[in-house]
Colleague: 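I have a structure I would like to understand better, so I am pasting it below and will then ask my questions one at a time.
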Amino acid sequence: QVQLVESGGGLVQPGGSLRLSCAASGIILSINDMGWYRQALGKERELVASVISGLPPTYADSVKGRFTISRDNAKNTVYLQMNSLKPEDTAVYYCNAKDITTTTYRGFEVWGQGTLVTVSS
């Protein structure tokens with residue numbers, strides 16, 4: 001069984017920074033795609049950033065130049081460095097892993113439980 005455990009959310013003032021972490025646990029052979037999504041109150045969940053193995057990261061237009069996604073494949077961990085945060089970045093941030101291969105299964109997807117990021121003065 002694969003689980004994603006997120007950390008790093010919290011309250012920050014506009015213009016501040018936060019770093020989110022997401023670690024995948026379990027007997028994992030590979031994860032092709034890891035990323036972050038967010039869902040603000042009353043809105044649909046949207047992609048923030050993702051990184052597929054061997055390809056450059058993808059970012060939502062609203063976070064380009066402010067957020068940076070990175071992966072540590074050896075630790076099956078993905079990070080999201082968020083700088084110059086704005087009130088409109090307030091949302092629950094979800095970690096996502098796609099096309100996971102274990103010793104038993106392959107090609108499945110897992111979501112984290114979500115971590116709240118609040119940008120407010």
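The shown structure was predicted, so the numbers you read here are calculated from the model rather than taken from an experiment. Heads up: numbering here begins at 1 and tracks the sequence. Any value given below was found using the heavy atoms of this structure, including those in side chains, with hydrogens, waters and symmetry copies removed.
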Colleague: Can you tell me how far CG of N32 sits from NZ of K98, rounded to the nearest 0.5 angstrom?
Modeller: 10.0 Å

Colleague: What about I52 and L80, same hydrophobic cluster or not, with Ile/Leu/Val/Met/Phe/Trp/Tyr joined at side-chain heavy-atom distances under 4.5 Å?
Modeller: no

Colleague: Is any side-chain heavy atom of W36 closer than 4.5 Å to one of L20?
Modeller: yes

Colleague: Within a strict 4.5 Å, meaning less than it, do heavy atoms of the I28 and V2 side chains meet?
Modeller: yes

Colleague: Within the 4.5 Å heavy-atom criterion, are M82 and V117 side-chain neighbours or not?
Modeller: yes

Colleague: Give a yes or no on whether V12 and Y79 share a hydrophobic cluster (residues Ile, Leu, Val, Met, Phe, Trp, Tyr; joining criterion: side-chain heavy atoms under 4.5 Å apart).
Modeller: no

Colleague: Measure the OG-CG distance between S120 and L85 for me, rounded to the nearest 0.5 Å.
Modeller: 12.0 Å

Colleague: V48 and Y93: side-chain contact (heavy atoms from CB on, under 4.5 Å), yes or no, with the steps?
Modeller: CA-CA 9 Å; V48 176; Y93 284 70; 4.1 Å; yes

Colleague: I'd like to know whether CG of L41 has more than 12 heavy-atom contacts from other residues, nucleotides or ligands below 6.0 angstrom.
Modeller: no

Colleague: Drop me the distance from E46's CD to S62's OG, to the nearest 0.5 angstrom.
Modeller: 5.5 Å

Colleague: Donor-acceptor pair, E6 side chain versus Q113 backbone, under 3.5 Å?
Modeller: yes

Colleague: If you group Ile, Leu, Val, Met, Phe, Trp and Tyr by side-chain heavy-atom gaps below 4.5 Å, do Y94 and L4 land in one group?
Modeller: no

Colleague: Does L55, at its CG atom, have more than 12 non-hydrogen atoms belonging to other residues, nucleotides or ligands within less than 6.0 Å?
Modeller: yes

Colleague: Can you confirm whether S70 sits close enough to V51 that some side-chain heavy atom of one is under 4.5 Å from a side-chain heavy atom of the other?
Modeller: no

Colleague: Roughly how far, to the nearest 0.5 Å, is the CG atom of L18 from the CG atom of N83?
Modeller: 9.5 Å

Colleague: Which heavy atom of M34 sits nearest a heavy atom of V78, and at what distance?
Modeller: CE-CG1, 3.7 Å

Colleague: Are N76 and I31 close enough that some pair of their side-chain heavy atoms sits under 4.5 Å apart?
Modeller: yes

Colleague: Quick one: salt bridge (Lys or Arg N to Asp or Glu O under 4.0 Å) pairs with a partner in residues 11-31, sequence neighbours left out?
Modeller: none

Colleague: Using links of under 4.5 Å between side-chain heavy atoms of ILVMFWY residues, direct or through other members, which residues join V5 in one cluster?
Modeller: none

Colleague: Restricting to pairs with a member in residues 84-94, which pass salt bridge (Lys or Arg N to Asp or Glu O under 4.0 Å), not counting sequence neighbours?
Modeller: R38-D89, R66-D89

Colleague: Out of curiosity, T90 OG1 to L116 CG, how far, rounded to the nearest 0.5 Å?
Modeller: 8.0 Å

Colleague: Look only at the side chain of Q81 and the backbone of F67, and say whether a donor-acceptor pair between them is shorter than 3.5 Å.
Modeller: no

Colleague: Side-chain atoms of residues 99-106: list all donor-acceptor pairs with protein atoms under 3.5 Å, sequence neighbours left out, distances to 0.1 Å.
Modeller:
residue: T102; atom: OG1; partner: T104; partner atom: N; Å: 3.1
residue: T102; atom: OG1; partner: Y105; partner atom: N; Å: 3.0
residue: T102; atom: OG1; partner: Y105; partner atom: O; Å: 3.3

Colleague: Partners of Y37 by ring pair (Phe, Tyr, Trp, His ring centres under 6.0 Å), sequence neighbours excluded?
Modeller: W111

Colleague: Does anything in residues 68-79 pair up under salt bridge (Lys or Arg N to Asp or Glu O under 4.0 Å), and if so which pairs, sequence neighbours excluded?
Modeller: none

